[in-house]
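Take a look at the structure set out below.
This is a predicted model, so every value here is computed, not measured.
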Amino acid sequence: MNTILHGNTLPVSELILMICRGTADDRAVTQLANLCIDMATGYLKYLESTGRRIRETDDKGEYYRIAADGIAELFTRDAKGQYLIWRRVFAGLVVHQALEHEWQSLLRRL
């Protein structure tokens with residue numbers, strides 16, 4: 001099973017499918033949120049290494065806080081409890097049953 005998550009987790013494609021279908025439990029949402037935060041943290045560190053000013057202080061925990069704030073909107077729900085952003089972005093992959101690397105690639109761009 002190809003996964004870029006830590007520990008006993010589901011593949012990215014399965015997590016996103018669960019979110020899009022409205023069948024994700026709290027554990028799946030948390031796994032996907034943590035993955036997104038990890039990816040955003042890595043990108044922030046990269047930006048800082050290229051000379052961009054990202055953090056206000058030298059506190060390494062600031063990367064996590066900025067990343068979490070940055071991805072928070074992805075996990076907002078509508079009145080019915082649906083994650084509309086995920087459904088809009090990944091609808092095409094759901095329809096054509098994409099390969100795992102396609103899910104991961106689109107997630108990185110998101």
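- Between the side chain of S49 and the main chain of Y46, a donor-acceptor pair closer than 3.5 Å is present.
- The CG atom of L84 lies 10.5 Å from the SG atom of C20; values are rounded to the nearest 0.5 Å.
- Smallest separation of non-hydrogen atoms from D59 and R65: OD2-NH2, 2.7 Å.
- At least one donor-acceptor pair under 3.5 Å links the side chain of T30 to the backbone N or O of D26.
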### Query
What's the verdict on side chain to side chain contact (heavy atoms under 4.5 Å, CB included) for K45 and T41, showing C-alpha distance, side-chain angles and the deciding distance?
CA-CA 6 Å; K45 289 177 181 179; T41 298; 3.8 Å; yes

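- Within the model, atoms CG of L106 and CZ of R108 stand 11.0 Å from one another, a figure rounded to the nearest 0.5 Å.
- No continuous path of ILVMFWY side-chain contacts below 4.5 Å connects I66 to I37, so the two sit in separate hydrophobic clusters.
- A donor-acceptor pair under 3.5 Å links the side-chain atoms of W86 to the main chain of L74, judged by distance alone.
- Proximity of a side-chain donor or acceptor of E62 to a complementary backbone N or O of E56 within less than 3.5 Å is detected.
- L17 is not listed as a side-chain neighbour of F90, based on a closest heavy-atom distance of 4.5 Å or more.
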### Task
Check step by step if side chain to side chain contact (heavy atoms under 4.5 Å, CB included) holds for W103 and L15.
CA-CA 10 Å; W103 293 93; L15 291 169; over 6 Å; no

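- What you find for A33 and I71 is that their closest heavy atoms are O-CD1, 4.0 Å.
- The CD1 atom of I19 sits 10.5 Å away from atom CD of Q31, with the distance rounded to the nearest 0.5 Å.
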### Task
Under the side chain to side chain contact (heavy atoms under 4.5 Å, CB included) rule, what do L32 and F75 come out as? Steps first, then yes or no, please.
CA-CA 10 Å; L32 189 55; F75 292 91; 4.2 Å; yes

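- Hydrophobic clustering (side-chain heavy atoms under 4.5 Å, transitive across Ile, Leu, Val, Met, Phe, Trp, Tyr) keeps V89 apart from Y43.
- For the residue pair L10 and M18, the shortest heavy atom distance occurs at CD1-SD, 3.6 Å.
- Between the side chains of Q82 and R87, at least one donor N or O lies within less than 3.5 Å of an accepting N or O.
- Here L44 contributes atom CG and Y63 contributes atom OH; the two are 8.0 Å apart, rounded to the nearest 0.5 Å.
- With respect to the salt-bridge test (charged N to carboxylate O, under 4.0 angstrom), the residues E48 and R53 do not qualify.
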